[in-house]
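What follows is a short report on a single structure.
Letters A, B, ... are given to chains in the order of the sequence lines, protein chains preceding strands, and every chain is numbered from 1. Just so we're clear, the structure is a prediction, and the values are computed from it rather than from any experiment. Heavy-atom basis, side chains included; hydrogens, waters and symmetry copies ignored.
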Amino acid sequence: MDKNLAGDSTPRPKWRKVAYGGMQIGYNDNYTDETFLGEMVMNANVVRRDLLKVMKDSVSISQYLCIVALVVLVWVHTLESSLDENSLLLLDLSLLALGFLVLLLTEEKMLLLRYIANVSFFTTGLYVLAPVYQTLTRSISSDSIWAVTVSLLLLHLFLHDYSGSTIRAPGALKSPSLTSCISVNASVVASVFVASRLPSRRHVFAVMLFSLQVFLFAPPVTYCIKKFSFGLHLLFSFGLIGLTLYSVYALHILFFVLFLVIVVVVNVVCPYWLIRMQEYKFEISGPWDEAKLCFDITD
Amino acid sequence: MAEPKLRVLMVSDFFFPNFGGVENHIYYLSQCLLNLGHKVVVMTHAYGNRTGVRYMTGGLKVYYVPWRPFAMQNTFPTVYGTLPIVRTILKRERITVVHGHQAFSTLCHEALMHARTMGYRVVFTDHSLYGFADVGSIHMNKVLQFTLADIDQAICVSHTSKENTVLRSGLSPGKVFMIPNAVDTAMFKPADVRPSSDDVITIVVISRLVYRKGADLLVEVIPEVCRLYPNVRFVVGGDGPKHVRLEEMREKHSLQDRVEMLGAVPHSRVRSVLVTGHIFLNSSLTEAFCIAILEAASCGLLTVSTRVGGVPEACTLFSIHTFLLWYYRMTWLCLLSQIRMTWYEQSKRRYQYFQVLTRRRCTIE
């Protein structure tokens with residue numbers, strides 16, 4: 001296949017990276033030049049992460065886990081009748097006031113207005129609909145209820161939008177995605193199921209108010225705290241983690257160990273693992289990539 | 001001494017009655033091989049009612065295996081389901097070389113795998129560039145690694161395509177041959193009488209109107225150019241999902257008399273559309289080897305293209321006339337006096353099919 005003549009004194013011409021002109025004299029079709037893959041660029045767009053920053057960011061995930069754990073604790077205590085409806089109502093009111101205070105202090109006018117509007121709206125609605133919720137699952141056995149509640153809560157945690165709030169002020173950057181809507185719905189349905197196991201209307205109203213308040217307003221309130229001051233956010237998160245651990249310990253030692261392990265994994269093990277995996281990142285770009293349009297396609 | 005005649009089986013999901021780069025490539029290559037005295041058989045899936053064995057020009061036998069395509073012109077991938085029919089064809093036609101086309105074709109992968117199991121010589125040609133980042137590409141590349149793990153030779157249509165294939169499949173570069181595509185200059189001849197360029201300059205665009213072929217770039221470029229140069233008109237051939245956007249652009253800027261939309265142009269009429277223009281515009285976002293540019297140059301048009309993929313390698317030395325279409329601003333150069341026959345002759349010399357397939361035959365041997 002080689003066409004070099006013996007005793008050919010003229011050196012073969014330089015190889016060119018062109019497709020026209022037929023076979024290049026002195027070179028086979030499978031000739032690989034030194035410039036082969038010379039224009040390949042590796043890992044051009046990869047974000048280099050710092051361990052401490054990733055650990056600080058993962059605190060918001062464990063903060064939300066603690067909030068959900070606290071809600072479940074309140075449910076458990078209410079179902080065991082160790083928490084009666086009056087103290088529950090008191091808890092609700094104090095949480096409402098706290099949220100209101102936080103929004104006032106961090107000067108989020110838009111969220112504040114929406115907060116007041118939403119709260120008044122669904123408090124009235126809940127009070128009216130409480131009898132309906134009470135008898136909703138009367139024909140369903142308790143085992144199914146616990147199973148469905150647990151799966152819905154897991155779904156909620158899995159699909160939750162941890163990067164921002166699901167209830168955003170109008171004109172915000174990201175609109176809620178499909179998964180965050182599903183997660184909110186899952187949490188609401190879980191609270192309805194739990195509330196339907198309670199004995200009296202006032203119980204139902206108090207528990208529903210509490211659950212909805214936390215699931216719907218905890219994300220925006222924590223978002224406001226984080227935006228206001230990161231140090232305050234860290235302090236609040238650690239306080240919350242401590243409170244949760246103490247409450248879970250008071251409940252049962254096994255759950256305490258489990259929860260502690262989860263918090264440690266989320267805050268320490270996962271960031272470390274992510275940083276370790278970064279070195280295997282291999283992003284290839286080169287002249288074969290599809291060109292990117294520099295303007296947005298407006299339909 | 002007479003060279004031994006080959007008996008080649010071309011396998012791909014993409015063949016006539018579909019029209020496209022891969023289909024034309026397989027057809028023309030088969031015709032040239034038949035002219036040289038080899039035997040060629042093509043295997044593809046059924047197209048509508050077109051099943052069974054058909055004979056095409058020159059005694060080209062085509063097996064339209066009776067499977068329906070299930071997604072994007074591909075047959076349903078049953079790994080062992082194709083073994084009986086592939087074995088039957090290989091034994092009945094006494095095939096010596098199996099040549100698969102296009103990485104995206106499931107039939108090609110399966111046939112190559114079965115042929116290799118039975119010990120036949122196997123060649124694979126890749127016609128497109130693929131990325132590495134999205135789920136579809138990752139999956140395709142993995143399948144390609146399996147198929148090309150035990151292959152005799154691979155052929156790519158440009159040096160960029162060779163780099164891309166080597167990275168995707170992990171083949172050694174020595175196994176990959178770079179053989180460019182060719183254009184049929186007998187079909188794509190310039191017009192006898194060149195359209196006059198005194199008053200109106202015509203820019204022709206013929207492509208599928210999809211995102212990948214840069215239809216959105218067209219939507220931005222056409223109004224700008226029409227605004228800057230009142231003596232320019234556009235002829236847009238081809239159809240696709242972005243047709244609506246182009247129509248909207250025409251309405252918005254009132255360019256109905258300056259932009260003519262032809263709809264889908266049958267392959268036999270492409271040349272007659274091309275020779276009415278002075279300039280050919282190709283705005284695709286990725287191209288392994290743009291045959292449309294060559295067809296246009298062969299018809300005597302000046303070509304303007306986006307500088308992507310294998311396009312810089314395919315352009316001739318007259319590339320001072322091949323502009324860089326960055327963003328949607330285009331630098332316009334005077335282009336009036338053009339010796340169109342030079343284009344035609346250049347293309348003819350450079351891309352003769354016979355030359356191309358001789359190289360192919362050499363790789364097979």
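For the side-chain contact (heavy atoms from CB on, under 4.5 Å) test with B/Leu285, the passing option among B/Asp216, B/Thr306, B/Leu217, B/Val210 is B/Leu217; the others fail.
Taking the six-membered ring where the residue is Trp, the centroids of A/His156 and A/Phe215 are separated by under 6.0 Å.
Rounding to the nearest 0.5 Å gives a distance of 7.5 Å between NE2 of B/His159 and NZ of A/Lys17. In this structure, B/Ile293 CD1 and B/Ser284 OG are separated by 7.0 Å, a value rounded to the nearest 0.5 Å.
For a residue to count as touching a neighbouring chain, one of its non-hydrogen atoms must lie under 4.5 Å from one of that chain's; by this rule B/Val166 touches chain A with the side chain only. Neither the backbone nor the side chain of A/Phe282 comes within less than 4.5 Å of any heavy atom in chain B. At a 4.5 Å heavy-atom cutoff, B/Ser158 makes no contact with chain A through either its backbone or its side chain.
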Discussion item. Walk me through whether A/Phe230 and A/His233 qualify under ring-ring contact (aromatic ring centres under 6.0 Å, His included).
Written reply: CA-CA 5 Å; A/Phe230 198 73; A/His233 162 77; 5.4 Å; yes
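Judged purely by atom type and a 3.5 angstrom limit, B/Ser298 uses its side chain to pair as donor or acceptor with the backbone of B/Phe188.
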Under 3.5 Å, which donor-acceptor pairs link side chains of residues 40-57 of chain A to any protein atom two or more places apart or in another chain?
| residue | atom | partner | partner atom | Å |
| --- | --- | --- | --- | --- |
| A/Asn43 | OD1 | A/Glu283 | N | 2.8 |
| A/Asn43 | ND2 | A/Lys281 | O | 3.1 |
| A/Lys53 | NZ | A/Asp57 | OD2 | 3.2 |

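In terms of heavy-atom pairs under 4.5 angstrom with chain B, the leader among A/Asp33, A/Asp289, A/Leu293 is A/Leu293.
For residues 126-135 of chain B, a heavy-atom distance under 4.5 Å to chain A picks out B/Leu129, B/Tyr130, B/Phe132, given by residue number.
Between A/Tyr64 and A/His160, the ring planes lie parallel to each other; the angle is under 30°, not in the 30° to 60° tilted range.
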